[in-house]
Amino acid sequence: MNILEELNNEQRAAVEHIEGPVMVLAGAGSGKTRVLTYKVAHLINLGVDPFSILALTFTNKAAREMKKRIITLVDNHDARNVWMGTFHSIFARILRIEAHRLGFPSHFTIYDTDDSRNLMKSVITEQELDTKIYTPAYVLNRISQAKINLVTPTVYNSDPQLLLQDKIAGRPKTGHLYSLYQNRLIKASAMDFDDLLLNMHRLLEEYPDMLYKYQQKFLFILVDEYQDTNYVQYAILKKLAANNENICVVGDDAQSIYAFRGATIQNILNFKSDYLDAFTYKLEQNYRSTKTIVKAANGVIVNNKDQIFKEIWTNNEEGHLIGLLKATTDSEEGALVANAIFENKMNHQLRNDAFTILYRTNAQSRAFEESLRKLNIPYRIYGGLSFYKRKEIKDMLAYYRLVINNRDEEALLRIINYPARGIGKTSCERLALEADRSKTSICEVIERMPDRLFDIPMPTQKKMNDFMVMIKSFSIQLKTRNAYELAREIASAAGILKELHEDKSPEGISRFENIEELLNAIHDFSEQQERLSLTAENLENVPRTLDEFMQEVALLTDADTPDSEDPDHVSLMTIHAAKGLEFPYVYIVGMEENLFPSIQSLNSRADLEEERRLFYVALTRAMKKVTLSYAENRYRWGTLTISEPSRFIDEIDFAAFDIPKKVSFIPEENRFMTSGSDMQGTRDQRHPFRKNFKRILPSSGDDLPAPGDDTDLIQVGMNVEHARFGTGKVISMEGTGPNKKATIYFQNIGQKQLLLKFAKLRIR
DNA sequence: ACCGTATTCAGCGCG
DNA sequence: TGAATACGGT
């Protein structure tokens, strides 16, 4: 059977167009992933060597599922040799092969965000800078932005504009911290996530033979979720594809929801000018949702200015109207939604996994959990602490990391005194200081220890040395021993098994079980015969080793831990986490101004438009029915706040709503002023339920701001003007009501903290 | 080294 | 509010 016959005309055209640059603009639910998988399958069917196909996805999970699908499609196991994975995992594989070019050992460690944060924290404290001003998060964010834009420390520190920005932000040392941070990474033979991209780019940029090699290798390049790629990813693709330009990108600008961490929609918008003979296909038929949902989603997204025009349509039934639930409080919202799910489930004989609750922020999950539990409805929260982020697992992995890479400082500092061996904090700090001074790694400092006199007590030096000897004794066994045996031996030699076994508290027992589970995973791994296609050439009977395991683990996350529980549960997750998924019944909750759209997004149109795209993504997850809910009052950060319904509700045609009787105590004359008429009604007229939310300002008595200033509109990040101090930028705000204070950086006089009720600030 | 209390700070999060 | 960290006393 010809697999192409399973596609519609546009999909098929995109799949069969195999040469030259192709962009597939695929609306939500239009079979985007389908095009990608069928295209790879088609290529293989045409006789293309799977080893020469590079397919990049957004998550490991997507890669795994796609690969599985392709193998069944082509019914040929060779399909597993396609280079399919995330940008990070594919580039990590290549970088391990070519590491020596860039001065790294092939066993370099990949630092996760915790490692990066800890390292940055030490760098900042060692520089004796104020960690309140130089928060690791801020500095790392700056560095990440720099790396994404190919800005190395050297470039950064000679770029007047960047330096000026840091100066204005009151953090002139940021560039210096970048250099120090990067040096520490190199010293530890480590790369952070952004380095995997940046170094891949360097490899292709600085070594023409490498560029040639990988251009020759990857004859066909496919990219999923192109709207969520950033500049360095774009630049790498541009280089790899430069030879024959057989590059096919698939994406939907309307679903770009990761601009906040550097993804840029420009990659899609510029595709045609980057590749002059580019061919564009638009997939506009939605196979997922009802007409009602598609219409609602179109009505929302049309409010964005930055977009490529698409008209999504569907042949599906009209379907249910959109539900709208109004609650008095956040906990009532939880109860309303849980009850609605319960009723729906009972009335229509549905399974729990037909339902999902989507929210803007993780903090909202609690009310829904409680209500679902009361009704005995099984649920699962996605995106919580993943297995590999748990403390005990990270501790154990730190041992393995250190055995593999003795210079891995973050791993060393994490475990040198866990379990407790009497090596205290001060001694560790001195150790780190000495490593920094002598420009070597901590591990080398320890090894030279007895010969030198540090201000570390002799017994402690001895203990440090014993520790390092133990680690190294395992290092030499890495290549010869089976992953599982070695892993278990390290676990017991380190004392972790004993430590956790003795802890009989419920948490201790669960930690012990988690370690066992980790060891089981390693056991399964070492039993598998199949290796990465990368090492397929040396198929001898070498056991699978611990460092191979760790290479796979470094880039795994949440979604990669399969859940063993009953799969029939209601899913709770953030909208971001729901990207790419679909559910019959979707509840989008917390539809309130300042929550969704988020208060932080109200400063710029770009941010607001990203929120709107997020809402678009949420709506288009649904197959059968969407229900929106909001609460009039909500506890946020410990205080009760009054909310009004989200502007996004207004953007859906009022006629699409199924307004429950109990909410519509609406004056008759407003009843029929729906958007069905051409009348340019106010928001209140179009959406009568809003009437109940006549803004009630908290009474602030005498403290009401004088008319003519902008006091209660001021937000972090705004430029403001003060009668005496001139113009400045709001850095942070604290307090509530009349006691609201803002920290403002004034151009002329520097930082000041002002009580808003007195400051009479104007927004500029 | 360890524990209880004070303080701070709250967006979304791939790899 | 509550989790996560910092601090300060034993």
Side-chain angles (χ1 to χ4, degrees), chain A residues 56-63 85-93 110-118 121 125 131-132 135-137 140-141 144 147-148 191-197 200 224-225 227-230 232-233 256-263 330-331 358-364 366-367 382-386 388-389 391 417-418 420-427 551-560 573-580 590 594-602 607 610-611 613-615 617-618 634-641 716 732-735:
Chain A
L56 298 163
T57 60
F58 190 68
T59 61
N60 289 309
K61 195 175 158 212
T86 61
F87 281 84
H88 291 86
S89 65
I90 295 286
F91 296 162
R93 268 166 75 184
I110 298 169
Y111 272 9
D112 67 15
T113 40
D114 286 342
D115 297 318
S116 298
R117 211 192 51 232
N118 291 336
K121 227 183 196 163
T125 24
T131 48
K132 296 251 162 56
T135 58
L140 285 170
N141 198 25
S144 179
K147 287 181 174 176
I148 283 171
M191 296 189 198
D192 66 17
F193 288 133
D194 293 322
D195 285 337
L196 294 174
L197 306 178
M200 182 69 202
D224 195 10
E225 309 278 15
Q227 78 280 359
D228 288 320
T229 53
N230 58 33
V232 56
Q233 289 168 327
S256 157
I257 53 173
Y258 284 100
F260 73 90
R261 64 178 188 214
D330 47 359
S331 52
L358 302 181
Y359 34 76
R360 179 64 180 81
T361 67
N362 277 307
Q364 288 165 254
R366 176 162 302 178
Y382 289 80
L385 254 204
S386 77
Y388 290 102
K389 283 193 178 138
K391 183 190 173 298
N417 196 35
Y418 178 81
R421 329 188 144 78
I423 301 170
K425 215 174 113 203
T426 352
S427 299
Q551 281 176 28
E552 293 202 356
V553 147
L555 295 166
L556 289 186
T557 37
D558 56 311
D560 301 310
M573 64 186 91
T574 62
I575 301 165
H576 283 91
K579 190 176 91 162
N594 297 341
L595 179 60
F596 192 22
S598 137
I599 191 158
Q600 288 99 332
S601 72
L602 302 179
D607 286 352
E610 177 146 319
E611 294 285 305
R613 291 192 297 267
L614 194 55
F615 184 46
V617 168
R634 177 179 296 279
Y635 274 100
R636 293 185 78 185
W637 314 318
T639 45
L640 195 65
T641 53
V716 172
S732 64
M733 309 238 304
E734 54 232 272

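Quick note on labels: first sequence line is chain A, next is B, and so on, each numbered from 1.
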Nearest to the side chain of Thr574(A), heavy atoms from C-beta on, is which of dC12(B), dA3(C), dG15(B)? dC12(B)
Of all the choices, dG11(B), dC14(B), dG15(B), which nucleotide is nearest to the side chain of Arg261(A) once you look at every atom? dC14(B)
Using 4.0 Å as the upper bound for N to carboxylate O, is an ion pair formed by Lys147(A) and Asp192(A)? yes
Would you please name every residue forming a side chain to side chain contact (heavy atoms under 4.5 Å, CB included) with Asp114(A), sequence neighbours left out? Asp112(A), Arg117(A), Lys394(A)
Please report, rounded to the nearest Å, how far the P atom of dG15(B) is from the OH atom of Tyr388(A). 13 Å
Could you write out each protein N or O paired with an N or O of nucleotides 2-8 of chain B at a distance under 3.5 Å?
none

Classify Arg613(A) by what it touches in the nucleic acid, base, sugar-phosphate, or nothing, heavy-atom distance under 4.0 Å. nothing
Which listed nucleotide (dA10(B), dC12(B), dG15(B)) is nearest to the side chain of Thr113(A)? dG15(B)
Decide yes or no for Glu225(A) and Leu56(A): does some side-chain heavy atom of the first lie under 4.5 Å from some side-chain heavy atom of the second? no
Using the P atoms only, state how far dG13(B) lies from dA4(C), rounded to an integer number of Å. 16 Å
Nucleotide nearest Phe260(A) when distance is taken to its side chain, options dC12(B), dT5(C), dG15(B): dC12(B)
Atom OH of Tyr258(A) to atom C1' of dG15(B): distance rounded to whole Å? 11 Å
Given dG15(B), dG2(C), dA10(B), the nucleotide with the shortest approach to the side chain of His88(A): dG15(B)
Hey, does the side chain of Arg366(A) come within less than 4.0 Å of dT1(C)'s phosphate (OP1/OP2), counting only N and O? no
For the base of dC14(B) and the side-chain ring of Phe58(A), does the geometry meet a stacking cutoff of under 5.5 Å between centres and under 30° between planes? no
Tyr258(A): ring-ring contact (aromatic ring centres under 6.0 Å, His included) partners, not counting sequence neighbours: Phe58(A), Phe260(A), His576(A)
Under 4.0 Å between a side-chain N or O of Asn60(A) and OP1 or OP2 of dC14(B)? no
Ser598(A) has a side chain; which of dC12(B), dC14(B), dG11(B) sits nearest to it? dG11(B)
According to side chain to side chain contact (heavy atoms under 4.5 Å, CB included), who are the partners of Leu640(A), at least two apart in sequence or on a separate chain? Asn633(A), Tyr635(A)
Rounded to the nearest Å, what distance is computed from the CG atom of residue Asp112(A) to the P atom of nucleotide dG13(B)? 16 Å
If you assign each of Phe193(A) and Trp637(A) to its closest nucleotide in DNA chain B, which residue comes earlier from the 5' end? Trp637(A)
Below 4.5 Å, heavy atoms only, C-beta onward: do Leu602(A) and Asn594(A) meet side chain to side chain? yes
Taking any heavy-atom pair under 4.0 Å as a contact, classify Arg636(A): base, sugar-phosphate, or nothing. nothing
Could you give the CG-to-P distance, from Asn141(A) to dG11(B), as a whole number of Å? 15 Å
Length of the line joining Lys391(A):NZ and dA3(C):P, which is rounded to integer Å: 18 Å
Which is true for Tyr635(A) with a 4.0 Å heavy-atom rule: it touches a base, it touches only sugar-phosphate, or it touches nothing? nothing
Looking only at dG11(B), dG2(C), dG13(B), the nucleotide nearest the Asn362(A) side chain is dG13(B)
Would you mind reading off the distance between Tyr359(A) atom OH and dG13(B) atom P, rounded to a whole angstrom? 9 Å
Interatomic distance, Ile257(A) CD1 vs dG11(B) C1' [rounded to whole Å]: 13 Å
Applying ring-ring contact (aromatic ring centres under 6.0 Å, His included) to Phe596(A) and not counting sequence neighbours gives Phe615(A), Phe648(A)
Can you find a donor-acceptor pair, distance only, under 3.5 Å between Glu611(A) side chain and dG11(B) base? yes
Specify the separation, in whole Å, of atom CD of Gln551(A) and atom P of dG15(B). 17 Å
Assess whether atom CZ of Arg421(A) is packed by more than 12 heavy atoms of other residues, nucleotides or ligands within 6.0 Å. yes
How would you list, by chain and number, every residue that makes a side chain to side chain contact (heavy atoms under 4.5 Å, CB included) with Ser89(A), sequence neighbours excluded? Asn60(A), Thr86(A), Leu555(A)
Nearest to the side chain of Thr59(A) - dG13(B), dG15(B), dG11(B)? dG15(B)
Picking from dG2(C), dG11(B), dG15(B), which would you name as closest to the side chain of Thr361(A)? dG11(B)
